Structure formats: C-alpha cells, structure tokens
Student: 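Could you have a look at this structure, given as structure tokens, before my questions?
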Number of protein chains: 4
Amino acid sequence: MASKPPTHLTPRKKPRQARATVTLNVIFEATIQVLLAVGPRRLTTTRVAERAGVSVGTLYQYFPHKQALFYGLNQHYLDGLAEKIEYACRALHGAPTSQMVEALVTTYWNAKNERADVTRVLYRSVVELDNEPLIEAFACRVDAATAAMFASAADVAFTDLSVINLTLLTTIFGTVRSAFERNLPDAERHAVQKQLILMCNSYLEQVRSTSNGRLK
Amino acid sequence: MASKPPTHLTPRKKPRQARATVTLNVIFEATIQVLLAVGPRRLTTTRVAERAGVSVGTLYQYFPHKQALFYGLNQHYLDGLAEKIEYACRALHGAPTSQMVEALVTTYWNAKNERADVTRVLYRSVVELDNEPLIEAFACRVDAATAAMFASAADVAFTDLSVINLTLLTTIFGTVRSAFERNLPDAERHAVQKQLILMCNSYLEQVRSTSNGRLK
Amino acid sequence: MASKPPTHLTPRKKPRQARATVTLNVIFEATIQVLLAVGPRRLTTTRVAERAGVSVGTLYQYFPHKQALFYGLNQHYLDGLAEKIEYACRALHGAPTSQMVEALVTTYWNAKNERADVTRVLYRSVVELDNEPLIEAFACRVDAATAAMFASAADVAFTDLSVINLTLLTTIFGTVRSAFERNLPDAERHAVQKQLILMCNSYLEQVRSTSNGRLK
Amino acid sequence: MASKPPTHLTPRKKPRQARATVTLNVIFEATIQVLLAVGPRRLTTTRVAERAGVSVGTLYQYFPHKQALFYGLNQHYLDGLAEKIEYACRALHGAPTSQMVEALVTTYWNAKNERADVTRVLYRSVVELDNEPLIEAFACRVDAATAAMFASAADVAFTDLSVINLTLLTTIFGTVRSAFERNLPDAERHAVQKQLILMCNSYLEQVRSTSNGRLK
DNA sequence: AATGAATGAGCTTTCATTCAT
DNA sequence: CATGAATGAAAGCTCATTCAT
C-alpha cells in the first residue's frame, strides 16, 4: 500500500475566490454529516455531493478522488487544530512550565471536545487513506510550537528538551484519543483530563530534579 | 470475562474440533497478511480465503459476514493481549508500585512490539466495524486485573484507586497507540517508553504525597 | 386505477423524458427475450442489461432490485391488457349479453394469443415475486369495466350481477390460462375458445331463465 | 430451456422398502413446509434436509438434483389428485351428466381446498422446473377417466365427446386455479364453485339440445 | 449408507468515476 | 463550468453439489 504522491491528494484548485472557499467548506461539512449519519463505510461521493447541495461532477472539480476528499478534510481539520495549539503556545511564552502543561492539555482537549462526535468520526475515518504524511506534518508543526514554548519556560532549562517534548506530546495526544474512543462518560473524562495535567507536571518536576533539567 | 457481542458478529460455529480451530487460526493469519499486503480498503473475503488456502464458502461457514471476520480477529487479538496483562498483573501481586508500573508498560509495549506491523494494521482495521463493545470488554478485563494488582501494592494504599487506575490505563494505552501510529523510529520509541514509565511513577509518587494515597 | 404497490417495487424514477421511457421499454423487452431464451431461473440482471444494450448500473437506476424489474414488467403488461379490455367493454356498452361475452372472451384470448410465448413466460415468471397486489389491482379494474358493461346489457337485467360477473371473469381468465399453460395445439385451443363462449352464454341464458335475471 | 429427460427427474431408487417410502414422504412434507415458510426462491436443499431431519447427502440419495425434488413433489401431488378423480369417475359410472359434473367439480375443488395453502404454494413452485410432461401426463390420465365417465352417461350420448371433455376440464381446472390464486374470500370462492357447476351443466344442456349430443 | 464440511461458479448489487449535454 | 445519467469493475454472499470420513 504505497502512499500516493501528496499532489494527487490536494484540492485541484487553490481557493482564490471566496465562492470556491465557501463550496469547499460546504463539502467538508457535508462529509462530516454523512460520516456521522452513515459511517465511513457507507459514505459515497454521491451522498456527500447531495448533502452538500452540489452535483457529483462539481465535487470532482474540487477533489480528484474520494481519497482526496478525506485527505482534504483531515488536512483542514488538523490545520485548524495546529493553529489553535500554536496560538496557545505563543500566548504561554515565558510562563512557568506548569501553566504551559495545563494550557496545552486544556487547549487540545477542548478543541477535541468542542465537537466530540466529529472528533470520534474523524479518528475512525482515518483508515480510508494513507494519512501518515498528514499526521507527520501536524506533529512537526505542533512539535515546533511546543518545543519553542518549553524552551522559553521561566522556571526550567531542559537539557534534553526534544525527548521530553516528544514524550509529552505522545502522551497527551494518545491519552485524549483513548479517552474519546472509549467514549468515557463526561465525569470520568474530566477526571482523566485533570489527572493528565497532574501527571505531566509531576513528570516535569521529576525531570527537573534530576539531570535532565535544572532550575533557571 | 468474554465480551458479549451481537450474535451475528460471532463465528458461526464454535471450534469444537481441533480442525476447526486450526482453520480459524489460518483464516485469522491470512486476514492479517492481506491487511498488511493491501490494506483494509482492498481486503476482500475472496482474497482472505485464497490466502488462507480455503474457499470463500468455507470462510463464510466460519464467519457469516466480512464484519464478523474483523470482529473475530480483533476479539482473538484482544483476548490474547488481555491474557498477557492478566498474567503480568498476577505475577506482580504485592510488589511495590514502581515495579508494577514498569511491568505494566513493558508488558503492553512488548506485546504490541512483537509484531509491530500487525499492531499498526489492527489499529487501522477498526473502521470496518463497530468494535466499541470489544474495546469496552477488553478495557474492563484489564481494568479489573490492574486494579487488583495496584490494590495489593506493598508500598501504597490508594484512596481513589479507580480514578488513578483509569488514568494510568488511558495514558499507557493511548501513548503506546500514538507511538505506533506515528511510526516513531526505534530509538525514539524506546525513549518514550522509558519516559512513560518515569512519568507514571512520578505521578504515583505525587499522588502518594498528597491526599490520594498514603504509605503503608 | 393504478395499483398501489409497495414503493420499493416501483421504478426508481418516473419516466418524465422520452429517453427514459424508451429505455424502460427496451429493458422490458430485453427481460422478455431473456425469459424466453433461458427461463426465469437463469435470468440474471446482467443478462437483461446486456440484451437491452445498457449497463447493469443503468438497469439498477431504473429498478432498485431484480424483483422490481419483474414487478414493473408485470405491471406494464397488465396495464396494457386492462386497457384493451376496458376499451372493448366501452365499445360493447348497451349491446346484448351474447355479444358481450363473445367480445370479452375474444379480446382477452387474442391479447394473450398475440404473443403466446410471452404470455406463457409471464405466467411463469410470477414465482419470482409477490404479485398478488398487482393481480388484485388488475382484477378490480377489469371487474369494474365488465360489471359496468353487463349492467348496460340491452336484453337482461341481472339481480345478482356481482356474483355472475365474478364467475364469468374467473372462468374466462382461468380457462385461458389453462389452455396456454397446457400448450394446447392451435386447433384444440380454438375449439375450446369457441366452446367457452358457448358455455358462458348458456350460463347467462340459464341465469336469466331463473330468478337471477329477468328479461328487460 | 430444453426439458431434461424425465429419467433424470425421477427418484433414484424405487421405494421398495417401507423405510425409503417414509423418508420420501418426510422429504416431500419438509419441502412443502419450507415452501410455505420461505417461498420457492429461498428454498434450499440444505433447509429442506434440515426440516426433514436428514442430511443433505441423504436428500441427494433420493433426488439427484433440486429439480428432481420439485418434480417428484409435483408428481406425488398430481398422482394423488388423479387418483381421487379417477375414483370419483368410477363411482359416477352410468349416472346422469348433471351428477357427474357436480361430482367432478366438487371432488377437484375439495382436493385443492383441503390444504389450500399447499395448493397455492405448489401452483407457484412450478416455475422451478419444466413440468409440462408432468402436467400432460396428469391431464391425459384425468382426460381418460372423465371421458370414460361421460361416455357412460345415463342421459346423453355425446357426438363430439373429446372436445366437450377437453372444454370441461380446461374450464374446471382453470377456474379453480384462478379462484385459488386470487385468494378469493371463502364466501366468494363457494359462490363461484356453485356457479361453475351451474355453468357446466347449462353448457351440457345446450350441447345436448344441439347437434353435439342427443338424448339417449 | 449416511453425514455435513468444503467447494467455487455465479449471482445481485454498489459506487467511484466519466463525459455528453 | 455545472450537471447527473451512464458505466462496469469489483465486491459480498449464496447454495447446489460433491466426497472424505
């Protein structure tokens, strides 16, 4: 299963005109609605087009194949998510690490929680495409943002920032996903969210008290 | 112990005879091979049957649908995994928590790592079916095992074991999944594994030093 | 007038455009040809589509199932037949009963005889579907037409028209069917046709001479 | 659709032993039950065997293919029916024609009515096989019986017995079939039955009063 | 003989994609 | 450019029939 070259998976035309952008968003929203309504297996391009109020032909004007549609949707979604994280990171520049961790977890968790059903449905639609490059790009972007943030921490200077950063991100992303996929009840989801912050903080505390970080 | 899936998702006949069990395993293995070779989207029942060296008809004698095949495969896989974890938990009975955490993470990680490609492919095959009940059953089983283990810890008595247990499991399962799905290079994967243990332990340390647990 | 079949057994799209109507007729004709060529058991949607010179996909655009195809064909056929009968009935309005009977039998018999092989094949295609509602609708339509005709008879006023009408129709339809299904040689078929007219007429004569009808 | 040579359609072994005959009847009954339960389209040999309490293998010992099963069933059924008619005909030897007609219609109608659902189901199962030879054989047998009966009539000597006989049989068989297939309510079915007798009798009366028959 | 698991040709149906209008 | 009817490859699934046990 070789990945198709990403060029094939990008919208055919740059949304230079407002009209195109609107249509694009309508299609994305329709895709999500169909995903929610009938699941990824029974999603058909015709159904999406219908829901979007355009013809299949038009859909194919924007996306050369079904995969491109999924790819575009994920990209759209991940771009928005990455932006939120970057924004949060910039806002926390120079803050103490504990605030950073809390903000990071909260931002990510809230973004996912905003439309929890969409989150779940997107997690599952992933199979339909080879989205590793997408995930990787997202990861890199976030990685850079959080690394920069942690490097600016007021209270600690990390000796091995990259490992710590990777660990935190892997843990946070993974935990959130697990919590959503298991469809934990609200109360438990909240509890886990709080504990996750606690856990990350105690981890950083521990790291600081050993050779991997030192007080500034 | 075992999950209670909708009857139509269970193998049609109980493998009473050795022959049937063998065939079942052959089919499972073939499914994984096809999954690895062509991905979930292009997996067809015919292809699986071919690879397994049986006829489609036979495949359908064991699984009434394609979905049942996926369901069965996941069940098979999760049953094996749960068993390993239960075994590890029993072995750690009465040990100090730090050993428990280390054993838990290592067991889980190794189980996944043994056949990393299979792990990845199964994570992705999920789209094809509604496996929430399966996941739930697995989670319950593991939850019970680890809760019992932590309750027996030599060094700490937890006041709010259930939340702590849930947090640990969600974190560990999620982190491992993230690490595998992102296909991290071996070195980084190892590093994260080590850090995860560290993180969990510092979390428990922290918990113990506050109101949620006390030294025995 | 038209039967009210379960929606799922009706052509998917109303033939609004001439093109669609043409295609529909082509498909019906192809179905009959296939029925004649290989029989109902070996009729496949693919074969019908091939014979019709369209793709299977197109066939399924007009008929959501194989059953709907049979249903549609029967409806088409029965509609045509009913029309002919209604026409004949109107033409005989006010005539003497003996002419009515003769016209009714002849019309029906000729309609069936026009394409005797098609008649036979349609009688047999019935197994494939639950066409009782279709038959019922046809029967009602014809019943109304003949009842109106007989009520207008110049020579007799029937006291119990509904029973007599039902008897005549049941007899005529049944006899014709029997004659076709047994594939009687032409000479015998003709003889039976003539005798059937005789029989119906002597029946009406008898009815008139007893309490069920009186001379006008 | 050429008919298979009848030899292929006859039970493989003559039921010389009581056991075999019993099994045969069990299979026939099971076939009818399945026909009633799921219809001809979803009748499978496996289902019939299951219902009959034997294995498919055994079923195939008695009938070399599915068609042979249907063929056998119809033969069995028609044999019984023919016997009843023959018996009635012999009993009416030398009686007046009006009694003959009444007995003939009543016997046939009652035989069909005894298990009306079975009658209906058999009428419809016909499509599954090329049973013209069967029907023909049945027709000949009955034809002979009724012809002999009518020839012995106390009151009339027919000049053209064969046409009259054919007409009567075609009419009676056809009318009964029509009445059953349209699933007429009991009251109407009865009424038609009575009228049919009346009709046949007035037909014979008419025939006698013209050149085709003369008073003895 | 009886059994019933195994077979695989063949069926119905779907749906991504095209292209004449 | 938009449309949506037409396409047909390919999928899931069935079931008559065989044959080793």
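Keep in mind that this is a model prediction, so the values were computed, not measured.
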Student: Does C:Arg47 have a side-chain nitrogen or oxygen under 4.0 Å from the phosphate oxygens OP1 or OP2 of E:dC11?
Tutor: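 So the side-chain polar atoms of C:Arg47 do come within 4.0 Å of the phosphate oxygens OP1 or OP2 of E:dC11, strictly under.
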Student: Across the strands shown, which category fits A:Arg42 at heavy-atom distances under 4.0 angstrom: base, sugar-phosphate, nothing?
Tutor: nothing
Student: Does A:Ile27 offer a backbone N or O that forms a donor-acceptor pair with the side chain of A:Thr31 under 3.5 Å?
Tutor: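 It does hold such a pair.
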Student: To the nearest Å, give me how far apart CZ (C:Phe63) and C1' (F:dA5) are.
Tutor: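 For the pair C:Phe63 CZ and F:dA5 C1', the rounded distance is 16 Å.
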Student: Identify, between B:Thr23 and A:Gly57, the residue whose nearest nucleotide on DNA chain E lies closer to the 5' end.
Tutor: B:Thr23
Student: Does a nitrogen or oxygen in the side chain of D:Thr45 sit under 4.0 Å from OP1 or OP2 of F:dC15?
Tutor: no
Student: Scan B:Thr58 against the nucleic acid and name what it touches under 4.0 Å (heavy atoms): base, sugar-phosphate only, or nothing.
Tutor: base
Student: If I take atom CG in residue D:Leu59 and atom C1' in nucleotide F:dC15, what distance separates them, rounded to the nearest angstrom?
Tutor: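 It works out to 13 Å between those atoms.
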Student: How many Å lie between NE2 on B:His65 and C1' on F:dG12, as a whole number?
Tutor: 11 Å
Student: Quick one: A:Lys66 NZ to E:dC15 P, roughly how many Å, whole number?
Tutor: 8 Å
Student: On DNA chain F, does the nearest nucleotide to B:Thr46 precede the nearest nucleotide to C:Val54 from the 5' side, or the other way round? Give the residue.
Tutor: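 The residue mapped nearer the 5' terminus is C:Val54.
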Student: Looking at side-chain heavy atoms only, is the closest gap between C:Phe28 and C:Val48 below 4.5 Å?
Tutor: no
Student: Phosphate oxygens OP1/OP2 of F:dA2: is one of them under 4.0 Å from a side-chain N or O of A:Ser55?
Tutor: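 The answer is no; no side-chain N or O of A:Ser55 sits under 4.0 Å from OP1 or OP2.
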Student: Watson-Crick or G-U wobble partner for E:dT7, using a 3.5 Å limit on both distances?
Tutor: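 The answer is F:dA16, by the H-bond criterion.
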Student: Using atom CD of B:Gln61 as one end and atom C1' of F:dT14 as the other, report the distance to the nearest whole Å.
Tutor: 12 Å
Student: Quick one: C:Arg41 CZ to E:dT12 C1', roughly how many Å, whole number?
Tutor: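 Rounded to whole Å, this separation is 17 Å.
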Student: Rounded to the nearest angstrom, tell me the gap between atom OH in D:Tyr62 and atom C1' in E:dA1.
Tutor: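 Roughly 10 Å, once rounded to whole Å.
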Student: Below 4.5 Å, heavy atoms only, C-beta onward: do C:Ile32 and C:Tyr77 meet side chain to side chain?
Tutor: no
Student: Measure from the side-chain N and O atoms of D:Arg42 to the backbone N and O of D:Ala37, and report whether any donor-acceptor pair falls under 3.5 Å.
Tutor: no
Student: Below 4.5 Å, heavy atoms only, C-beta onward: do A:Leu24 and A:Phe63 meet side chain to side chain?
Tutor: yes
Student: Taking atom C1' of E:dT12 as reference, at what distance in whole Å does atom CG of C:Leu43 sit?
Tutor: 12 Å
